[in-house]
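Residue numbers start from 1 in every chain, and the chains themselves are labelled A, B, ... in the order their sequence lines are given, proteins ahead of strands. On a predicted model such as this, the values are computed, not experimentally measured, just so you know.
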Amino acid sequence: MGIRERLSGNEAVAYAMKQINPDVMGAFPITPSTEIPQYFSAYVDNGEVDTEFIAVESEHSAMSTCIGAEAAGCRAISATSSCGLCYMTEMLYVAASDRLPITLAVSCRALSGPININNDHSDVMGVRDTGWLVLFAETNQEAYDNYLQAMRIGEAVGLPIMVCQDGFITSHAIENIELVETEKVKAFVGEYKPQHYLLNKDEPMSVGAYATPVYYMEAKRQQAQAMIDAKGVIKQVAKEFEEMTGRSYGLIEKYMMDDAEEAIILMGSSAGTAKEAVKQLRAQGKKVGLIKIRSFRPFPAEEIAEALKNVKAFASMDKDDSYNGHCGPIHAEVCTGLYANGVFGPKGIGYIYGLGGRDVRVESIQKVFAELEQIAETGQVGETYRYLEVRE
Amino acid sequence: MKDIVEIHWHGRGGQGAKTASLLLADAAFNTGKYVQGFPEYGPERMGAPITAYNRISTERSTVHSNIYYPDYVVVVDETLLSAVDVTAGLNPEGAIVINSGKQPEELRPLLKGYTGKVCTIDAGKISEEELGRNFPNTPMLAAIVKVSGVVEEKAFIKDMEASFKHKFASKPQVIEGNMRALIRSMEEVKEG
């Protein structure tokens, strides 16, 4: 029943890649994801995989390599972080609109400036509208499990997928993990059998063609439909994964939400820290809970609205700022989701937190709940655009 | 052992404090524990102070923050005592283990009124005598295991021997040196 190991998040993702043995990896190193192609290139060198490893000169080329390979009919992968992801941006749109289910591991890191190598979600949030599926992991285990599920999801809907974890916090921390036996992984992930691909001599085709105004919008509408369809696929793949491993996943994870009056919404490693905060507050009799976002794209608007409908106050936690003068991206989408689903009761605030590796402690999350308790009691929301634990 | 034991490692870049924290995580993992081993990353360079952390527990800890109230502190470089507040938040029921040839009483005045156990081990000397070079990692690891009891001693020794045999398969003389350093450190660590 699984293999008991201890691995860092980066090691875990590289190990998943090895078990899957994809056709092509195009990669360029950048902290803190560097270890992923580094470990993987050793597997290539040792003959443990027969992947074609293409060491390119930039992330733009890494993604271009993946696009070429995936269009040809291969399973293509890469890994990156921070400005490396920014540098891929142009090609991320191409990958998604060409409907190429590439898998990209991201160890999330802040963007310059000030220059900083530590974790926040600015890199992924910067490319959130490129049309990629995006999964976030709380732990090394989830980074591994999400990676094993990613290709199934991407290939089913014809969209590329990012598998994100927090740089250093999980990418470089050794923790216990339960690995799946390689034969089971291979059976679960299966062979990649694309419907249409360039190297099929019986079906000559072109990829990345020009679309005039008469066709462009229809192509984009289909892309949008694939993203909508992905919600069901993510749940279905998770169900099969649970049958194999006993570990259950959804679009969101609800923690102590059943009778919660105050809740926070967040994603990534801080969800684990927040669970401890919730546990301690529950022990004091406080009705608090949390919602962890696993699937950021597609965004689980309905599921969050359903989970929040009976709370008195909530805080959306963004490890990134939109610099729009009023809130971060999660808060914006949570609020839109509530409104769209007819949930008007809960009072909501947005917190920007953990930027550039600012440590997020159990106490940090408890401060947020203390604010929410006051809002729930008084009905007074006050400032909705807040920064957590910042000197000013 | 408590349900969760938290440890701080203080060293200077290049001395292997991070590696030692990962080795401790390995040793605890091998005795069935849940472990976390992680360094605090920044603009590291040789000689600059660095911190690494361990959480060792009987149930999985979901917390992903740094550690502010450690049960134990390990100082791999004695010169850090004047540069870093190494006993900040340290549990008085726990201990600090310092790589030093001095007696614990000589170092206590540098520890800002810390009332708990102060332990010293001359890891540099042991390493030079047993390995011919200054690799304080192995003796420091052995000392913290001895002082904290976070891993059962016999299991630890057996596990480390297996791991040295694996790591130094082509250099058997290094295995013996490391094992002597390990056992000496567990015998020679001074508690005050």
When you check the side-chain N and O atoms of [X] and [Y], is any donor under 3.5 Å from an acceptor?
X: A/Ser171; Y: A/Gln165; result: no
X: A/Glu389; Y: A/Ser364; result: yes
X: B/Asp3; Y: B/Ser57; result: no

Determine, for A/Lys292 against A/Glu138, whether the closest basic-nitrogen to carboxylate-oxygen distance falls under 4.0 angstrom.
-> yes
Is it the backbone or the side chain of [X] that comes under 4.5 Å from a heavy atom of chain A, or both, or neither?
X: B/Tyr53; result: neither
X: B/Asp26; result: both
X: B/Ser61; result: backbone
X: B/Arg60; result: side chain

Ring centre gap for B/Phe38 and A/His172 strictly below 6.0 Å |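 Ring-ring flag for B/Phe38/A/His172: false, centres at least 6.0 Å apart.
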Side chain, backbone, both or neither: which part of A/Thr170 has a non-hydrogen atom closer than 4.5 Å to chain B?
-> side chain
Is it the backbone or the side chain of A/Ser270 that comes under 4.5 Å from a heavy atom of chain B, or both, or neither?
-> neither
Among B/Ser21, B/Gly32, B/Ala25, which has the most heavy-atom pairs under 4.5 Å with chain A?
->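 Highest number of pairs under 4.5 Å: B/Gly32.
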Output the option from A/Arg6, A/Glu276, A/Glu5 having the highest count of non-hydrogen pairs under 4.5 Å with chain B.
-> A/Arg6
What do you reckon, is OH of B/Tyr114 surrounded by more than 12 foreign heavy atoms closer than 6.0 Å?
->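 Yes.
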